[in-house]
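Quick caveat: nothing in here was measured; it's all calculated off a predicted structure.
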Amino acid sequence: MLQLYGKQITSRLLLGTAQYPSPAVLKEAIATSGTEIITVSLRREMTGGRTGDKFWSMIQSLSRHVLPNTAGCHTVKEAVLTAQMARDVFATDWIKLEVIGNHDTLQPDVFALVEAARILTADGFKVFPYMTDDLTVADRLLGAGCEVLMPWCAPIGSAMGPLNIHALRSLRGHFPDVTMIVDAGLGRPSHAAAVMELGFDAILLNTAVAKARDPAAMAGAFAKATEAGYAAYHAGMLEPRDVAVPSTPVIGKAVFT
């Protein structure tokens, strides 16, 4: 069971709600994935007019935990204000905190991220910070009051999969008791299995499902891959070896002359 700020969650796949071809396709993908947590952008809700109202009504009808995000924010002030508005609109103190520092890679501004996390935690928010795969940043965010970390494995929407396995493995190893959700850059179900095999607790993705030819089928594939990777890690995987090792014992075999 996944523990997130005192809530027990069964599914280890979190799903975004942007870029789907239609609300019906989004609903089908969410149902097929089995996810219990969906991310929602305040910007979409506030700028959609009647469409935004319909979207929010549809999200409410799904009976999932809503994780609002501060997508598109580039400063501490902007992120904090967006989070406070999201709390009022979505009636939750959960917030996926994004403070973007680079326009091309959408890499987080880790200095602003830590500052914003400290402010929001003091204001009663349960912060899910979107961060780089950096040990020092992780330590600072934990010191700011975050109980969950969300390291990236590649730039948002890139579908490149884990670019720095060593960094992710180090992050997991240095903070074994911290809940970590790998977020951004996952393009294939095999990517999800790979990061879960490192010992992470969950993954969050959007584009790879929303832009698939069949989003619902892809959501189901990611759900299975996520669970497979989690199960494999806890089962104890065989480490790679430099030499071949026979599966059939040599001692005691028959000798023919």
Side-chain angles (χ1 to χ4, degrees), residues 2-7 9 12-14 16 37 39-42 65-87 90 92-103 105-156 162-186 195-196 198-206:
L2 180 62
Q3 292 277 351
L4 297 174
Y5 288 107
K7 293 185 182 293
I9 307 296
R12 295 181 181 274
L13 174 64
L14 288 68
I37 301 175
T39 62
V40 179
S41 171
L42 176 68
H65 295 288
V66 173
L67 176 60
N69 63 43
T70 61
C73 293
H74 290 79
T75 67
V76 172
K77 182 177 180 180
E78 189 179 13
V80 169
L81 178 59
T82 300
Q84 292 170 339
M85 293 173 65
R87 179 168 57 186
F90 298 113
T92 179
D93 56 7
W94 282 17
I95 192 73
K96 180 191 171 188
L97 180 61
E98 298 181 30
V99 187
I100 300 303
N102 184 278
H103 291 281
T105 65
L106 300 180
Q107 180 170 326
D109 178 340
V110 295
F111 305 100
L113 181 68
V114 172
E115 183 180 351
R118 184 174 290 110
I119 293 170
L120 291 173
T121 299
D123 192 24
F125 281 90
K126 309 297 190 298
V127 179
F128 295 68
Y130 166 60
M131 56 174 283
T132 55
D133 50 11
D134 185 277
L135 294 175
T136 302
V137 174
D139 191 52
R140 295 293 187 273
L141 287 168
L142 293 173
C146 299
E147 295 181 15
V148 177
L149 300 178
M150 301 184 73
W152 73 346
C153 71
I156 293 173
L163 297 180
N164 194 336
I165 289 289
H166 174 73
L168 289 173
R169 183 179 288 113
S170 295
L171 193 62
R172 179 71 283 178
H174 276 77
F175 303 100
D177 299 323
V178 176
T179 299
M180 293 191 191
I181 303 169
V182 175
D183 178 21
L186 295 158
V195 296
M196 292 300 287
L198 297 176
F200 286 92
D201 300 285
I203 64 166
L204 191 158
L205 72 152
N206 186 169

Can you see which heavy atom on Ala202 is nearest to which on Leu2, and at what distance? CB-CD2, 4.0 Å
Report the distance from atom CD of Glu147 to atom OG1 of Thr121, rounding to the nearest 0.5 Å. 8.5 Å
Quick check: does any side chain N or O of Arg87 sit under 3.5 Å from a backbone N or O of Asp93, one acting as donor and the other as acceptor? no
Indicate yes or no for a side-chain donor-acceptor contact from His174 to the backbone of Arg172 under 3.5 Å, with no hydrogens or angles considered. no
Under 4.5 Å between any side-chain heavy atoms of Asp183 and Lys96, yes or no? yes
What heavy-atom pair brings Pro151 and Thr132 nearest, and what distance separates the two atoms? CB-O, 4.1 Å
Taking the side chain as every heavy atom from C-beta outward, state whether Val40 and Leu67 have any pair of such atoms under 4.5 Å apart. no
Arg140: partners by side-chain hydrogen bond (donor to acceptor under 3.5 Å, both in side chains), with sequence neighbours left out: none
Gap separating the CG atom of Asp133 from the CG atom of Leu171, nearest 0.5 angstrom: 7.0 Å
How close do Pro68 and Trp94 get, heavy atom to heavy atom, and via which atoms? CD-O, 3.3 Å
Side-chain heavy-atom pair Leu186, Cys153 within 4.5 angstrom cut-off: yes
Is any side-chain heavy atom of Leu135 closer than 4.5 Å to one of Phe175? yes
Can you give me the closest heavy-atom contact between Ala79 and Thr70, atom names plus distance? O-CG2, 3.6 Å
Say you draw a straight line from CG of Leu205 to CD1 of Ile156; how long is it, rounded to the nearest 0.5 Å? 12.5 Å
Would you mind telling me which of Leu97, Leu141, Leu149, Ile119 makes a side chain to side chain contact (heavy atoms under 4.5 Å, CB included) with Val127? Leu97
Counting distance only, does the side-chain N/O of Asn69 pair as donor-acceptor with the main-chain N or O of Ala71 below 3.5 Å? yes
Worked check of side chain to side chain contact (heavy atoms under 4.5 Å, CB included) between Leu14 and Ile9: CA-CA 10 Å; Leu14 288 68; Ile9 307 296; over 6 Å; no
To the nearest 0.5 Å, what is the distance between CE (Met150) and OG1 (Thr179)? 11.5 Å
Tell me, please, which residues at least two apart from Asn102 pass side-chain hydrogen bond (donor to acceptor under 3.5 Å, both in side chains). Thr105
Output for pair (Phe200 CZ, Arg12 CZ), nearest 0.5 Å, gives 13.5 Å
For Tyr5, does the OH atom have more than 12 heavy-atom neighbours from other residues, nucleotides or ligands under 6.0 Å away? yes
Name all residues meeting the side-chain hydrogen bond (donor to acceptor under 3.5 Å, both in side chains) criterion together with Arg118; count only those two or more places apart in sequence or in a different chain, and write none if there are none. none
Mind checking the OG1-CG spacing from Thr75 to Leu81? Nearest 0.5 Å is all I need. 9.0 Å
If we only count heavy atoms from C-beta on, is the Val182 to Leu198 side-chain gap below 4.5 Å? no
If we ignore hydrogens and angles and just use 3.5 Å, is the side chain of Asp201 paired with the main-chain N or O of Ile181 as donor and acceptor? no
Heavy-atom closest contact (Glu98 atom, Cys73 atom, distance): O-CB, 3.7 Å
